[in-house]
Number of protein chains: 2
Amino acid sequence: MPTITDVARRAGVSTATVSRTLNGKSTVDPMLAGRVREAAEELGYHPNGLARNLRRQETAVLALIISDVENPFFTAIARGVEDTAQTAGYSVVLCNSDENPEKERRYIDIALQERVAGVVLSPTDASSSIARLRGTPVVAVDRPLSDCDQVLVDSRRAAREATEHLIGNGYARIGCITGPTGVRTADDRLAGYRDAVGGASPLERRAEYRAGGGRRAAEELLACSPDALLVGNSSMAVGVLEALGKAGLRSGRDVGVVAFDDAPWATLIDPPLTVIAQPAREIGAEAARLLLARIAEPDRPPVATTLRAHLIERGSSRK
Amino acid sequence: MPTITDVARRAGVSTATVSRTLNGKSTVDPMLAGRVREAAEELGYHPNGLARNLRRQETAVLALIISDVENPFFTAIARGVEDTAQTAGYSVVLCNSDENPEKERRYIDIALQERVAGVVLSPTDASSSIARLRGTPVVAVDRPLSDCDQVLVDSRRAAREATEHLIGNGYARIGCITGPTGVRTADDRLAGYRDAVGGASPLERRAEYRAGGGRRAAEELLACSPDALLVGNSSMAVGVLEALGKAGLRSGRDVGVVAFDDAPWATLIDPPLTVIAQPAREIGAEAARLLLARIAEPDRPPVATTLRAHLIERGSSRK
DNA sequence: CTGAAAGCGCTAACAG
DNA sequence: CTGTTAGCGCTTTCAG
């Protein structure tokens with residue numbers, strides 16, 4: 001791979017001139033500039049970003065570490081981050097920690113080693129890996145991280161409201177299927193559910209935030225004949241709905257269902273799924289804004305933004 | 001941020017010793033090694049990957065540039081790539097080109113600049129940006145790229161079979177909704193459709209590979225009263241099904257529907273959606289394997305793998 | 001087994 | 001406006 005020296009030699013100028021031309025920093029004689037560009041073109045020269053960044057001590061790339069690429073909620077966040085980062089001249093690379101603290105740690109280390117300008121993280125656990133991040137701007141999304149910027153959603157309240165909505169619609173034995181213990185959103189959603197039903201209930205189940213988790217939890221819970229279910233996310237909802245179908249139960253009429261996340265398919269099913277829509281893209285956009293702000297001004301106090309989720313009432317929560 | 005020099009000073013050794021200790025390359029006196037590790041720990045030292053890679057002239061990261069993060073087909077590919085890359089000790093960063101050649105170009109440049117070990121790409125167009133990649137191992141997925149390793153799916157045949165399946169089930173006015181001209185999978189799917197219906201048809205529509213595109217195309221096509229629809233991907237299918245619903249048409253009975261990609265929700269709707277399932281994860285895994293092979297042996301001739309999609313017959317293609 | 005020193009490719013003073 | 005030069009932080013000969 002050709003280097004700046006090759007280009008310089010070929011154009012008959014110094015490396016400094018090549019650098020200046022290609023970066024458009026200082027002004028360069030148009031003729032030399034022409035020669036440089038030509039030489040670069042002919043050689044198929046690509047600046048070595050490693051060297052450049054090493055020298056400049058900065059990168060225009062942001063890392064986004066999310067816990068599940070296959071979850072539309074997180075990909076929507078990714079879009080939000082990306083859109084606002086792009087317009088600010090940053091690129092974003094996405095890493096999938098897969099809800100796995102070990103993989104998360106690996107990606108954090110990589111982000112650190114590659115000296116990205118900042119990282120947006122949906123932490124798998126509340127604290128562990130954050131310690132490593134000292135020094136690099138970070139913002140947490142979806143789940144809290146002590147002492148840093150964060151963009152959260154008021155899950156607890158949303159869960160409570162959704163449960164109250166079910167109660168208001170005449171459901172009396174409401175179950176809750178949520179994510180694993182320790183995952184903050186899962187805990188919060190359970191807490192909100194309890195707020196509404198008046199404390200812990202035997203109709204609570206925890207499982208992976210995936211279709212399989214939802215299915216297993218629902219199958220188990222169905223033995224207790226609940227008449228409604230609050231479901232922790234849309235992946236789980238897929239499993240829950242499958243389980244309902246297999247048991248010959250119709251959502252709404254037999255078992256009221258409300259799930260977090262407004263999946264694209266929510267209106268396609270019959271009855272359409274009542275959901276708690278989270279402003280995922282906006283979460284991403286806000287996270288990117290906070291990150292950019294922190295990069296610009298590393299010492300400002302951390303800010304926590306909490307966005308609101310809102311209930312979209314559809315058929316699955318009406319008898 | 002502390003450097004290797006800081007660590008060396010604190011441990012009272014040379015930078016060379018620090019490097020050796022931390023990389024476990026050569027053997028180092030256990031006592032010195034202990035001091036080094038301790039110093040590194042205390043300082044919160046993270047090796048600067050930029051410097052390291054610059055020196056070593058290699059990175060253990062792969063770039064995966066896909067055309068739509070919000071499309072489950074591509075995220076499944078991502079999982080496939082990631083899983084096999086991980087086990088080989090590589091990490092993968094994901095970039096979303098958003099079907100935008102401009103963004104694709106940016107990400108390719110970044111990948112090159114950061115000197116990633118290789119890139120997996122689902123190209124937005126057949127050739128343009130590839131030229132830049134000379135020198136870096138690349139494998140194309142989902143869509144072809146001249147002169148390089150690729151992992152494709154036999155879309156044309158799958159589309160033909162799906163259309164024949166509809167014909168076999170008694171549908172006679174079959175429409176086709178596919179992606180934009182120039183996107184190879186879109187062209188292939190249309191070609192397969194034509195193979196089955198015996199040539200170009202007035203019931204063809206092209207649109208963005210998104211829900212909105214599917215919806216608009218379907219609304220338009222519905223004016224021609226087709227009795228069945230072959231749909232280019234699952235995002236489009238969402239829009240198509242919405243349009244059907246709005247028009248009071250039931251899939252299967254009124255309008256047969258087959259769509260590419262087995263979305264998780266396909267079995268949730270009524271009737272369940274007949275799909276052409278593509279082995280997305282396997283595509284990713286195979287792409288990663290090819291890439292790794294090429295990294296190891298840059299001069300071997302390009303290989304093209306074609307995987308088969310298969311029809312999963314469900315209710316939406318039966319009257 | 002350890003240290004000194006060179007250099008990866010680039011940018012940014014600093015002179016000219 | 002252009003060239004010379006000194007590193008950015010790290011690894012890796014080469015001596016000791």
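Values reported hereafter were calculated over all heavy atoms of this structure, with side chains retained and with hydrogens, waters and symmetry mates removed. Proteins get letters first, then strands, A, B, ... in listed order; numbering begins at 1 in each.
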Show your working on side-chain hydrogen bond (donor to acceptor under 3.5 Å, both in side chains) between B:Gln278 and B:Asp261 and close with a plain yes or no.
CA-CA 6 Å; B:Gln278 301 192 78; B:Asp261 298 341; 2.7 Å; yes
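- Note: OH (B:Tyr45) to C1' (D:dT11) measures 11 Å, nearest angstrom.
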Review item, nucleotides 12-15 of chain C N/O atoms under 3.5 Å of protein N/O:
residue : atom : partner : partner atom : Å
C:dA12  : O4'  : A:Arg55 : NH2          : 3.4

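- Using a 4.0 Å cut-off between charged side-chain N and carboxylate O, A:Asp187 and A:Arg184 make no salt bridge.
- Nearest-nucleotide positions on DNA chain D place A:Asp29 closer to the 5' end than the other of B:Val18 and A:Asp29.
- Using a 4.0 Å cut-off, no side-chain N or O of A:Asn48 falls inside it from OP1 or OP2 of C:dC8.
- Residues passing the side-chain contact (heavy atoms from CB on, under 4.5 Å) test with B:Arg56 are B:Asn23, B:Arg52, B:Glu58, sequence neighbours excluded.
- Note on B:Leu50: nothing from the nucleic acid sits closer than 4.0 angstrom, heavy atoms only.
- Between A:Arg52 and C:dG9 there is no side-chain N or O to OP1 or OP2 distance below 4.0 Å.
- When the C1' atom of D:dT12 is taken as reference, atom CD of B:Glu58 falls 13 Å away, rounded to whole Å.
- In terms of modelled atom types and a separation under 3.5 Å, the side chain of A:Thr305 and the main chain of A:Val151 share no donor-acceptor contact.
- Applying the side-chain contact (heavy atoms from CB on, under 4.5 Å) test to B:Glu102 and every residue at least two apart in sequence or in another chain returns B:Asn100, B:Arg105, B:Arg106.
- At the phosphate of D:dG9, OP1 or OP2 sits under 4.0 Å from a side-chain N or O atom of A:Gln57.
- Following rounding to the nearest Å, B:Gln113 (CD) and C:dC8 (P) show an atom-to-atom distance of 20 Å.
- The stretch residues 3-13 of chain B touches DNA chain D through B:Thr3, B:Ile4, each having a heavy atom under 4.0 angstrom from the strand.
- Here the CD-CZ distance, from B:Gln86 to B:Arg79, works out to 9.5 Å after rounding to the nearest 0.5 Å.
- Place B:Thr17 and B:Leu54 on DNA chain D by their nearest nucleotides, and B:Leu54 ends up nearer the 5' end.
- Using a 3.5 Å distance cut-off with no hydrogens or angles, the side chains of A:Ser122 and A:Ser67 do pair a donor with an acceptor.
- In terms of position along DNA chain C, the nucleotide closest to B:Pro30 lies nearer the 5' end than the nucleotide closest to the other residue of the pair B:Ala51 and B:Pro30.
- Between B:Glu99 and B:Arg143 there is a salt bridge, since a side-chain N of the basic residue sits under 4.0 Å from a carboxylate O of the acidic one.
- Salt bridge A:Asp109/A:Lys103: absent, no basic N to carboxylate O contact under 4.0 Å.
- Residues forming a side-chain contact (heavy atoms from CB on, under 4.5 Å) with B:Arg20 (at least two apart in sequence, or on another chain): B:Ala16, B:Thr17, B:Ser26, B:Val28.
- Atom CZ in B:Arg115 sits roughly 9 Å away from atom P in C:dG9 (whole-Å rounding).
- A distance of 12.5 Å separates CG in B:Leu54 from CZ in A:Arg55, rounded to the nearest 0.5 Å.
- In this structure, A:Met1 atom CE and C:dC10 atom C1' are separated by 16 Å, rounded to whole Å.
- Between A:Glu82 and A:Arg281, no side-chain nitrogen of the basic residue sits less than 4.0 Å from a carboxylate oxygen of the acidic one, so the salt-bridge criterion is not met.
- The side chain of A:Ser14 contributes no N or O atom lying less than 4.0 Å from OP1 or OP2 of D:dT4.
- Axis orientation changes by 40° from one end of the helix from C:dC1-D:dG16 to C:dG16-D:dC1 to the other, with each end axis drawn from 5 pairs and the value rounded to 10°.
- Between the P atom of D:dC8 and the CG atom of B:Asn53 lies a distance of 18 Å, rounded to the nearest Å.
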